[in-house]
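A short worksheet on the structure shown next.
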There are 2 protein chains.
Amino acid sequence: MARILAAADGLFGAADTAGPITMDDIATAAGIGKGTLFRAFDSRDGLLDALSDAKFAPVREALEGGRPPLGSEAPARERVVAFLDAVLTFKLDNRHLIRAREVSSTGALRTERYRWMQDALRALIADAMPGATAGDAGYAAHVLLAAIHIDLVEELLAGGRTPERIRRSQAALARAVLADVPG
Amino acid sequence: MARILAAADGLFGAADTAGPITMDDIATAAGIGKGTLFRAFDSRDGLLDALSDAKFAPVREALEGGRPPLGSEAPARERVVAFLDAVLTFKLDNRHLIRAREVSSTGALRTERYRWMQDALRALIADAMPGATAGDAGYAAHVLLAAIHIDLVEELLAGGRTPERIRRSQAALARAVLADVPG
DNA sequence: AGAATTTCGGACTGTGAGTCCAGAAAACCG
DNA sequence: CGGTTTTCTGGACTCACAGTCCGAAATTCT
């Protein structure tokens with residue numbers, strides 16, 4: 001099963017010129033049949049989720065493990081910025097995979113991972129801004145995540161912006177939104 | 001051809017419980033064959049674009065026609081807010097259609113309409129914030145549009161927020177971002 | 001070894017976008 | 001008007017891809 005994920009990872013990693021990656025492609029690359037593939041992961045979404053969850057794990061752990069700048073010792077406001085930067089970097093590093101998943105059937109915002117990110121971010125924001133209501137913090141979390149939606153990231157890249165510049169803009173945006181929320 | 005659009009509009013308008021709307025559905029509803037449908041609009045995307053452009057026309061005209069609050073006589077900052085509110089309202093009123101289009105193949109940000117909106121908004125923001133660089137204004141435009149992405153709007157609705165509340169939150173966000181851009 | 005059970009993989013099905021072409025309708029000509 | 005050419009129509013067909021099924025192969029049990 002790790003072999004399947006590795007094969008899929010290889011395909012998505014090298015996905016530049018290639019068209020969309022099908023389940024048959026992955027089965028072939030992993031040297032197994034389609035039936036086996038679908039038994040291991042119930043659906044295409046299931047496979048993509050498993051793969052990207054594996055690659056996302058470091059971010060989760062950094063937040064939960066508690067080492068600064070993501071960990072709980074850093075100032076709350078900077079934790080928000082650091083978290084968003086970590087997620088954005090993850091997306092920049094895995095965009096073919098992320099895009100494949102977000103294009104897919106069930107809306108990306110109903111994903112387990114989106115819920116987790118939104119909730120984590122909401123909590124961080126609430127922490128940073130004691131004056132904000134729960135609804136405000138939740139909304140701010142949604143909006144800041146929307147600002148790093150894969151479609152937008154790819155559009156910015158296509159427009160010639162460097163990843164570093166995107167990260168800087170995004171950090172500035174986060175600080176601006178945070179500055180306002182408590183009002 | 002107007003008849004086809006009307007039929008499609010009816011389907012999307014009543015699309016609540018129904019599953020996805022296929023091209024065959026639309027052909028049947030319009031009382032024509034599939035070939036004719038594809039000759040009139042080259043592709044599914046073409047049809048959806050034509051339909052939603054028709055419904056979006058009032059917004060375009062309000063901006064270009066120049067009546068306040070969208071028109072050029074209002075203060076620039078409020079024009080930004082009014083424009084975003086108009087687009088958001090349009091999306092709220094046509095979400096099944098918009099969703100069908102954004103789920104579709106080619107990324108929604110490469111759409112003619114997205115380009116138009118982003119450009120119009122960039123210009124309005126540049127107008128409102130003489131201190132901002134072109135890049136900053138463009139980025140702010142992207143971000144404010146991302147905040148009214150259909151997926152997010154539907155998620156907020158599903159979370160129990162009323163359309164009015166979403167519009168208020170969004171207006172507040174726009175003002176917050178505008179307050180910051182010139183820095 | 002031989003029976004029972006689990007797992008494998010590729011042939012098969014279902015669905016929906018997009019194509020094709022035989023015939024209907026229309027336009028043109030004498 | 002009758003015939004001929006051109007244009008238009010619509011439904012049968014193709015194609016790609018996710019997901020299912022079942023006979024064969026492997027594994028475990030006795």
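Chain letters run A, B, ... following the sequence lines, proteins first and then strands; every chain starts at 1. Quick caveat, the model's predicted, so the values are computed rather than measured.
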Before you tell me yes or no, could you show the steps for B:R113 and B:S52 under side chain to side chain donor-acceptor pair (under 3.5 Å), namely the whole-Å CA-CA distance, both residues' side-chain angles and the distance that decides it to 0.1 Å?
CA-CA 10 Å; B:R113 193 161 74 233; B:S52 74; 2.9 Å; yes
Contact under 4.0 Å: B:R39 side-chain N or O vs D:dT9 OP1/OP2
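For B:R39, the contact criterion (side-chain N or O under 4.0 Å from OP1 or OP2 of D:dT9) is met.
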Rounded to whole angstrom units, what separation is found between the [atom1] atom of [X] and the [atom2] atom of [N]?
{"X": "A:F41", "N": "D:dG19", "atom1": "CZ", "atom2": "C1'", "value": "16 Å"}
{"X": "B:R44", "N": "C:dG16", "atom1": "CZ", "atom2": "C1'", "value": "9 Å"}
{"X": "B:L37", "N": "D:dC8", "atom1": "CG", "atom2": "C1'", "value": "15 Å"}
{"X": "B:R3", "N": "D:dT9", "atom1": "CZ", "atom2": "P", "value": "10 Å"}
{"X": "B:I4", "N": "D:dT9", "atom1": "CD1", "atom2": "P", "value": "9 Å"}
{"X": "A:I26", "N": "C:dG9", "atom1": "CD1", "atom2": "C1'", "value": "16 Å"}
{"X": "A:D42", "N": "D:dC21", "atom1": "CG", "atom2": "P", "value": "14 Å"}
{"X": "A:L47", "N": "D:dC17", "atom1": "CG", "atom2": "P", "value": "16 Å"}

Nearest to the side chain of [X], which nucleotide is it out of [options]?
{"X": "B:I32", "options": "D:dA18, D:dG10, C:dG9", "result": "D:dG10"}
{"X": "B:F38", "options": "C:dC8, C:dG18, C:dG16", "result": "C:dG18"}
{"X": "A:K34", "options": "D:dC17, D:dC8, C:dA11", "result": "C:dA11"}
{"X": "B:D24", "options": "D:dC17, C:dA17, C:dG9", "result": "C:dA17"}
{"X": "A:M23", "options": "D:dA18, C:dG18, D:dT9", "result": "D:dA18"}

Has B:D119 got more than 12 heavy atoms of other residues, nucleotides or ligands less than 6.0 Å from its CG?
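Yes, because the 6.0 Å sphere around CG of B:D119 holds more than 12 heavy atoms from other groups.
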Heavy atoms of other groups near B:D42 CG, more than 12 under 6.0 Å:
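Count not over threshold, so no.
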If you measure only the distance, is there a donor-acceptor pair under 3.5 Å linking the side chains of B:T22 and B:D25?
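Note: B:T22 and B:D25 side chains meet the donor-acceptor criterion.
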According to the interplanar angle, ranging from 0 to 90°, do the rings of A:H142 and A:Y114 count as parallel (below 30°), tilted (30 to 60°) or perpendicular (above 60°)?
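If you compare the ring of A:H142 with that of A:Y114, the planes turn out parallel.
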Would you mind classifying the nucleic acid contact of A:T22 as base, sugar-phosphate or nothing, using non-hydrogen atoms under 4.0 angstrom?
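A:T22: backbone/sugar contact only, no base atoms under 4.0 Å.
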Relative to the 5' end of DNA chain C, which residue comes earlier, B:T36 or A:T36, by the nucleotide with the nearest heavy atom?
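Per heavy-atom nearest nucleotide, the more 5' residue is A:T36.
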